[in-house]
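Just so it is clear: chains get the letters A, B, ... in the order the sequence lines come, proteins before strands, and each one is counted from 1.
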Amino acid sequence: MNRILAETYPDAHCELDFANPLELLVATILSAQCTDKRVNMVTPALFAKYRTAEEFAAADRTELEEMIRSTGFFRAKANSILGMAQRICDHYGGEVPHTLKELVTLPGVGRKTANVVLGNAFGVPGITVDTHFGRLTRRFGWTKELDPVKVEHAIAKLIPKAEWTMLSHRLIWHGRRICQARRPACGVCPLAALCPAYGEGPTDEATAIKLVKSGPFS
DNA sequence: ATCCCGAGGG
DNA sequence: CCCTCTGGAT
């Protein structure tokens, strides 16, 4: 299945628009529970107004909230951006740090966000277990784990490190285009013949979680 | 386990 | 109406 994914999505890549590590970090924070398409609608104005960690840290909270409102969770995200920028100024000389350990100390930055920045801004192999990655690897029967960290470790044993970042992009692309949460398009899926969840696949994530827990996939 | 919190699809 | 979208902090 991994080989077919690679052949189907040879050019899969991060679909958030960014020009430097700081922009990617901000865009990834905004992408929580939000489509990247919508993130890309608010970031041009945002990145024109705030260009450095210093400028983000000095941003007016209300103005920042209004600019990112449509991405949802806007108060929490504004708070994360302000705190993250402040800490980058205080502890990292205004530059986005390059390690997972340092990145996850930033407010609003968890393991998933840190791996996105490492993989796409710094070229460090990383597995980014988001909603798509978890759903697809469970449907494929690659893992039964629900905890993102356990999913990450399980896949790390199955796939060579050099492929981690591209696999993440490919699963996300496939999840967006074909293997959608609510209505997977099994009829046009290039993995159909190999997929344990073909046809009788769950049609929504809540159902999927219940089925995985009761153990029909193995 | 629950909260944050908006937009779009079915 | 209900679910989902590249989660993280409490």
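- Using a 4.0 Å heavy-atom criterion, one finds that A:Leu171 contacts no nucleic acid atom at all.
- Between A:Asp130 atom CG and C:dT6 atom P the separation is 8 Å, expressed in whole Å.
- When rounded to the nearest whole Å, the span between CG of A:Leu30 and P of B:dC5 equals 14 Å.
- Distance, A:Leu25 CG to C:dG8 P: 11 Å, rounded to whole Å.
- Checking the phosphate oxygens (OP1, OP2) of C:dC5, a side-chain nitrogen or oxygen of A:Arg135 falls inside 4.0 Å.
- Per the geometry, CZ belonging to A:Phe133 stands 15 Å off P belonging to C:dT6, to the nearest Å.
- Across all strands, A:Val109 comes closer than 4.0 Å only to sugar-phosphate atoms, never to a base (heavy-atom distances).
- Between A:Val104 and A:Asp36, the residue whose closest nucleotide on DNA chain C is further toward the 5' end is A:Asp36.
- Between A:Phe122 and A:His98, the two ring planes are parallel [angle under 30°; tilted spans 30° to 60°].
- When the nucleotides C:dT4, B:dA7, B:dC5 are ranked by their closest atom to the side chain of A:Ser70, B:dA7 comes out on top.
- Between A:Thr131 and the phosphate of C:dC5, there is a side-chain N or O to OP1/OP2 separation shorter than 4.0 Å.
- A donor-acceptor contact under 3.5 angstrom links the side chains of A:His169 and A:Asn120, judged on distance only.
- Nearest to the side chain of A:Thr35, among C:dG7, C:dC5, B:dG6, sits C:dC5.
- Computed from coordinates, the A:Ile178 CD1 to C:dT4 P distance equals 19 Å when rounded to whole Å.
- Residue A:Glu95 places its CD atom among 12 or fewer non-hydrogen atoms of other residues, nucleotides or ligands, all under 6.0 Å distant.
- Atom CG in A:Leu16 sits about 12 Å away from atom C1' in C:dC5, given to the nearest Å.
- Under the stacking definition used here (centres under 5.5 Å, planes under 30°), the residue A:Phe73 qualifies as stacked on the base of B:dC4.
- We find that CZ of A:Arg38 is positioned 12 Å from P of C:dT6, with the value rounded to whole Å.
- Atom CD1 in A:Ile81 sits about 19 Å away from atom P in B:dC4, given to the nearest Å.
- Counting non-hydrogen atoms of other residues, nucleotides and ligands closer than 6.0 Å to CE of A:Met1 gives a total above 12.
- On the P atoms, C:dT10 is 14 Å away from B:dC5, given to the nearest whole Å.
- Residue order along DNA chain C, read from the 5' end via each residue's closest nucleotide, puts A:Arg176 first among A:Arg176 and A:Pro107.
- Side-chain atoms of A:Asn115 come within 3.5 Å of backbone N or O of A:Ile127 as a donor-acceptor pair.
- Between B:dT2 and C:dT6, the distance separating the two P atoms is 25 Å to the nearest Å.
- Of the C1' atoms belonging to C:dC5 and B:dC4, the separation is 15 Å, rounded to the nearest Å.
- Applying the 4.0 Å criterion to OP1 and OP2 of C:dC5, one finds that A:Gln33 has every side-chain N and O outside that range.
- Among the protein residues, A:Thr128 comes within range of no part of the nucleic acid, since none of its heavy atoms lies under 4.0 Å from any strand.
- Heavy atoms of other residues, nucleotides or ligands lying less than 6.0 angstrom from CZ of A:Arg177 number more than 12.
- Nearest nucleotide to the side chain of A:Thr113, out of B:dG6, C:dT4, C:dG7: C:dG7.
- Listed candidates were C:dC5, C:dG7, B:dC5. Nearest to the side chain of A:Lys112 is C:dG7.
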